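Everything below concerns the one structure shown next.
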Amino acid sequence: MPESTRRRELGRGERVVPGIWRLRLPLPWPGVPHCNAWAVAAGDGVVLLDCGLHEPGSRAHLERALGQVNLKLEHVRLLVCTHAHADHYGQAADVVDASGCELWMHPNHAHMRAALDDPHAALARRFEVARQSGVPIEPLRAWSASARDRGYGIAHLVEPDRELVGGVTIDTDLGRWTVHETPGHAPSHVCLHQPERRLLVSGDHLLGRVSLYFDYGWTPDPVGEFLASLDTVDALDARLCLAGHGRTFTDVRAHIDANRTLVAERLERVRRAVAEHGPITAYDIVPLVHGEQLSQVTAGWWLAETLCYLRHLEVTGEARRDGGDPERWVVA
Ligand SMILES: [Zn+2]
Ligand SMILES: [Zn+2]
């Protein structure tokens, strides 16, 4: 294996500004090679923001990344998770066990709990949503079998010691950070803001490269919630964004606008698909939005995204379910 490829697969740590370190942790997911955890100086230790996916060897990657900036898991005084997805929360149990720290996270994490409490039921539910949306049975069975083997990337459930709701503050050497609830990408999503330094820890709400993902089925209107969360973050007027994946970036407002534009474009494509091809299934709308059919790689992502657009158009009174099995959509 070439050196460059091998090096990418290791956890790495680097200082981004004095008192903040980026811990870049490898992921086993196609198209998403890393996630970030952030360590922020706090007294004789650090506050750790997110902690990476749990899988064999993952703790060594986190320890290696910390070690590169002269930190250890024992230095973690508090673990804060931006949301309960596996790549941000997966190693929470390891971090809490090793450091004895508290975990703070938003209480709306049923989307994660369901998969841990009863993996078979959670998978069966996703299978049924996909079937109802028109995904053909054979590829769906193959996807379901591979999903069963993949696991969820979470060591085990740790309940938050404190509920990370709007207005909660986190004290660090760089000042006090304020929690802002930003549901949409996930029901449990929050961003952290440091007003004097105009820093934003954005989790997966804002990424350097615009990439939309919405958890389907846990809240009334994930797309509407995401758009409202973009307004929430826009009002903060942050200067430097520390995102859940990729490098830091400064043009925060341009990134917010790029997200709004992409959501508007895709909503318009769904609107047109329903108007021109309805009654139509969510599965048949996917290629009209993304330009290609669902694959095993994109299945879990694009279908949920498309269902969330349809749900948004249902909430705004523009589309409705026309019944049937699989379910079809028409103009309201
Ligand atoms: Zn996420
Ligand atoms: Zn993520």
Side-chain angles (χ1 to χ4, degrees), residues 8 11-12 22-39 48-55 58 61-62 65 79-92 95 103-116 122 126 147 150-155 160 164 179-192 200-219 222-223 225-227 229-230 232-233 241-249 255 259 262-263 297-305 307-308:
R8 271 208 307 276
R12 296 172 81 179
R22 176 188 177 200
L23 309 172
R24 200 185 73 168
L25 308 172
L27 287 173
W29 298 342
V32 193
H34 316 107
C35 59
N36 295 325
W38 303 94
L48 186 64
L49 310 175
D50 291 337
C51 56
L53 181 100
H54 172 83
E55 60 170 342
S58 60
H61 287 297
L62 178 59
L79 171 61
V80 172
C81 289
T82 58
H83 60 300
H85 283 164
D87 50 330
H88 301 260
Y89 166 81
Q91 300 200 83
V95 173
L103 163 69
W104 294 6
M105 188 167 72
H106 195 275
N108 291 356
H109 54 67
H111 62 100
M112 171 273 293
R113 282 205 65 137
L116 284 187
R126 293 184 72 187
R150 269 199 302 275
Y152 286 96
I154 294 173
L164 212 57
V179 172
H180 296 268
E181 291 171 82
T182 51
H185 171 82
S188 55
H189 205 291
V190 301
C191 291
L192 309 176
L200 181 73
V201 169
S202 65
D204 286 348
H205 177 60
L206 270 191
L207 297 168
R209 189 166 58 96
V210 178
S211 172
L212 300 172
Y213 173 88
F214 310 112
D215 272 329
Y216 175 73
W218 298 99
T219 55
V223 169
E225 290 147 25
F226 179 70
L227 292 173
S229 296
L230 289 176
T232 299
V233 169
C241 188
L242 317 177
H245 303 263
R247 296 170 192 274
T248 60
F249 56 88
H255 282 75
N259 274 273
L262 188 60
V263 170
V297 171
T298 57
W301 184 347
W302 289 356
L303 185 64
E305 187 188 344
L307 285 166
C308 288

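It should be emphasised that the depicted structure is a prediction, and the values quoted were computed from it without experimental measurement. In each ligand, atom 1 is the first atom listed, and ligand 1 is the first ligand listed.
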Is the Zn ion (ligand 1) less than 2.8 Å from at least one N/O/S atom of His189?
no
Taking side-chain contact (heavy atoms from CB on, under 4.5 Å) as the criterion, tell me which of His189, His185, His83 meets it with His205.
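Exactly one candidate clears the test, His189.
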Please say which of His54, His109, Met112 ends up in a side-chain contact (heavy atoms from CB on, under 4.5 Å) with Tyr89.
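Between Tyr89 and the candidates, side-chain contact (heavy atoms from CB on, under 4.5 Å) is satisfied uniquely by Met112.
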Before moving on, can you tell me the angle at the Zn ion (ligand 1) between the ND1 atom of His85 and the NE2 atom of His83, to the nearest 10 degrees?
90°
CH2 of Trp29: more than 12 outside heavy atoms within 6.0 angstrom?
yes
Is the distance between the Zn ion (ligand 2) and the nearest N/O/S atom of Cys35 smaller than 2.8 Å?
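Under 2.8 Å: Cys35 has no N, O or S contact with the Zn ion (ligand 2).
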How is the N/O/S atom of Asp87 that comes nearest to the Zn ion (ligand 2) named?
OD2
Given 3.5 Å as the limit, does a donor-acceptor pair link the side chain of Glu225 with the main chain of Pro183, or not?
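Checking the backbone N and O of Pro183 against the side chain of Glu225, no donor-acceptor pair under 3.5 Å is found.
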State, with a plain yes or no, whether a side-chain heavy atom of Ser188 is found less than 4.5 Å away from one of Asp215.
no
Within rounding of 10°, what is the angle whose vertex is the Zn ion (ligand 2) and whose arms end at OD2 of Asp204 and NE2 of His88?
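OD2 of Asp204, the Zn ion (ligand 2) and NE2 of His88 span an angle of about 90°.
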